[in-house]
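Atoms within a ligand are numbered from 1 in the order they appear, just like the ligands themselves.
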Amino acid sequence: MSDLSVVILAAGQGTRMRSRLPKVLHEVAGKPMLQHVIDAAEKLSASAIYVVYGHGGDTVRSSLASQPVQWVEQVEQLGTGHAVNQAMPGIPEHHTVMVLYGDVPLITDGTLKQLAVAATDGLGLLTTHLPEPGGYGRIVRDEEGNVLAIVEEKDASEQQRTIQEVNTGMLAVSAANLRRWLDALDNNNAQGEYYLTDIIASAVSEGISVRTVNPGAVAEVMGVNNRVQLAELERDYQRRQCEELMMSGVTLRDPERFDLRGNLAVGQDVIIDVNVIMEGDISLGDGVFIGPNCYLRDVTVAAGTRINSHSVLEQADIGADCRIGPFARVRPETRLADKVHIGNFVEIKKSRVATGSKINHLSYVGDSVIGSGVNVGAGVITCNYDGANKHRTVIGDNAFIGSDTQLVAPVQVGAGATIGAGSTITHDTPAGELTLSRTRQKTINGWHRPTKKTD
Ligand code: UD1
Ligand code: CA
């Protein structure tokens, strides 16, 4: 919608969050609430998005500095009408203005598109029905059902307070009309504020129709004032996301025990066991299995791979038919080719491992390039750090590194080489040969253990 300007109100203090962080920066599914609203607005292809900020404004602006929005400061919070008016100077007369809220994060573009349609020949107003409408502005209608006004709870009569249709705050209307009505607002009400909601009565008095739209789900219009409500929206969001994943063919062993804070792309027949957390951009190929209690951030996993329980993978590319974990830690900039095995208590960082290689037990592998068909024995350590710089370890195809070997980088192990168990390798080792560094085993006959002294 090229002639659409979106105004997102985000100036409120959010005292009830009891936080140093401005309310709109608190996260739902790993993303600031305000970012959710900006993303929904962007899906409408609005020509401009204005964010009205106030309390904690510098933090909000710097956290979301890369966003395609215009920042408008509301120095004093004099009410929702006053807040919207701060953005009006930049908005062309022929635009439709849509008002959204930085602390109402789950609004969907689908609902907002309907709201925009409702505004094409009048004022579009997003309302919902609540069994307990306390605290909300009530929608007052005449006998024919036409909207007459919004009455705030504090200004409402006893009778009006029984109305269960409430104002969500979101609306859309032409800029020309909105400007006129905002300029005419006064603050003669119970809270001494300039109420945006008073423009409804202005529209009605000018014979402009008010069309109401309802959200697809009530959670879309729920605001966050405290951390209890934040947690409720988080659950709601996760539940909806899980439903979409399951409908697309993913098995979630328990959708209540899976959290996705980012984007997940999946092939067919992916299985995710309980207590798994995924963040950032994740891609899982056909038949991938993620065991219980795993954490994945920015990871791609190719088809047929199993990530067994309690594994932590960050910024890594995992090939097809690999077996990772249980208890593996795969750190950033790691690329594993197909059929690689990374076993328990193995930490691997910034390394490449070629096809079919195995690092199965108790190892640290950092800054390494490992060929194909390599066996890295239990307890092998790459000593990649000299206290000042990091150095590389290179292991050729089909090498065999005996258990408890230290590879002191920079060092290269030739293709097909064998390293004897317990070696400390400080120089490059030739291909195809056995290299070891350890003293010959000896026995000292008649040696006795020390005995405890008595005094
Ligand atoms: C408002 C509506 C009410 C609606 C309710 C839904 C008005 C007068 N009332 O009431 O009908 O049912 O929302 O939640 O609009 N804000 C600013 N600057 C201000 C004042 C508010 O940016 O000067 C922002 C706040 O950060 C908040 C939003 O506007 O995100 C709503 O303000 P709030 O004071 O909470 O309005 P309510 O009393 O909840
Ligand atoms: Ca509110």
Side-chain angles (χ1 to χ4, degrees), residues 6-17 19 21-26 32-34 36-38 50-57 60-61 69 71-88 97-107 123 125-130 132-140 147-156 160-161 163-171 173 178 181-182 185-202 210 212 214-215 218-226 229-230 233:
V6 172
V7 179
I8 303 174
L9 302 191
Q13 193 162 8
T15 330
R16 281 171 287 169
M17 295 300 283
S19 175
L21 192 68
K23 175 162 78 173
V24 294
L25 292 184
H26 282 263
M33 289 196 278
L34 178 54
H36 281 272
V37 182
I38 293 171
Y50 298 85
V51 177
V52 180
Y53 69 96
H55 282 281
V60 177
R61 283 188 69 161
V69 300
W71 297 95
V72 179
E73 188 177 9
Q74 185 192 21
V75 180
E76 272 185 290
Q77 278 72 60
L78 302 179
T80 47
H82 178 261
V84 173
N85 216 3
Q86 306 310 298
M88 292 309 289
V97 179
M98 184 180 284
V99 179
L100 306 179
Y101 296 80
D103 58 359
V104 185
L106 301 193
I107 188 67
L123 187 151
L125 184 64
L126 190 63
T127 72
T128 193
H129 291 79
L130 296 177
E132 287 175 29
Y136 287 86
R138 308 297 207 284
I139 309 297
V140 181
V147 174
L148 294 179
I150 298 176
V151 181
E152 291 304 297
E153 166 107 1
K154 285 181 179 141
D155 303 288
Q160 287 168 331
R161 285 183 191 180
I163 300 172
Q164 293 186 332
E165 187 185 5
V166 302
N167 174 33
T168 67
M170 286 172 262
L171 56 81
V173 67
L178 182 58
W181 299 331
L182 288 177
L185 287 183
D186 63 47
N187 61 356
N188 301 326
N189 51 53
Q191 303 184 79
E193 288 181 5
Y194 294 92
Y195 288 167
L196 175 62
T197 45
D198 284 351
I199 69 165
I200 306 301
S202 306
V210 177
T212 56
N214 298 139
V218 177
E220 285 188 45
V221 298
M222 287 292 130
V224 169
N225 292 311
N226 57 49
Q229 292 167 338
L230 184 68
L233 288 196

Which is closest to atom 25 (C) of ligand 1 in terms of heavy atoms, Gly223, Gly12, Ala10? Gly12
If the test is side-chain hydrogen bond (donor to acceptor under 3.5 Å, both in side chains), which one of Asn225, Asn226, Thr15 qualifies with Lys23? Asn225
Interatomic spacing from CG in Leu185 to CG in Leu78 - rounded to 0.5 Å: 11.5 Å
Heavy-atom distances under 4.0 Å are what count here, so tell me which part of Ala11 touches ligand 1: side chain, backbone, both or neither. both
Are Val52 and ligand 1 in contact, using a heavy-atom cut-off of under 4.0 Å? no
Of the choices Gly54, Ala83, Gly79, which has the non-hydrogen atom that lies closest to atom 23 (O) of ligand 1? Gly79
For the atom pair OG1 (Thr80) and OH (Tyr194), what is the distance rounded to the nearest 0.5 Å? 12.5 Å
Side chain Glu153, main chain Gly135, donor-acceptor under 3.5 Å: yes
At less than 4.0 angstrom from any non-hydrogen atom of Tyr195, what atoms of ligand 1 do you find? 8 (C)
So, taking the atom named CG in Leu230 and the one named NE2 in His26, what distance separates them when rounded to the nearest 0.5 Å? 7.5 Å
Under 4.0 Å from one or more heavy atoms of Gly137, ligand 1 contributes atoms 3 (C), 4 (C), 11 (O), 12 (O)
Run down the list Gln77, Gln74, Gln13 and name the one with the heavy atom closest to atom 18 (N) of ligand 1. Gln74
What's the separation between atom CG in Asn188 and atom CD in Glu193, rounded to the nearest 0.5 Å? 13.0 Å
Distance filter under 4.0 Å to Glu152 heavy atoms, resulting ligand 1 atoms: 2 (C), 3 (C), 7 (C), 8 (C), 9 (N), 10 (O), 11 (O)
In ligand 1, the atoms that come under 4.0 Å of a heavy atom of Thr80 are 7 (C), 8 (C), 15 (O), 20 (C), 21 (C), 29 (O), 31 (C), 32 (O)
Let me confirm one number: the CZ-CD1 distance from Arg161 to Ile163, rounded to the nearest 0.5 Å. 11.5 Å
What are the atoms of ligand 1, with element, lying closer than 4.0 Å to any heavy atom of Tyr136? 6 (C), 12 (O)
Part of Val104 within contact of ligand 1 (heavy atoms, under 4.0 Å): neither
What I want to find out is whether Glu165 reaches Arg138 closely enough, with some N-O distance under 4.0 Å, to be called a salt bridge. no
Using a 3.5 Å cut-off on N or O atoms only, is Gln191 in polar contact with ligand 1? no
So if I count the atoms of ligand 1 from 1 in the order they appear, which ones are less than 4.0 Å from some heavy atom of Asp103? 27 (C), 30 (O)
Could you label the plane-to-plane angle of the Tyr53 and Trp71 rings as parallel, tilted or perpendicular, counting under 30° as parallel and over 60° as perpendicular? perpendicular
Any N or O on Thr197 sitting closer than 3.5 Å to an N or O of ligand 1? no
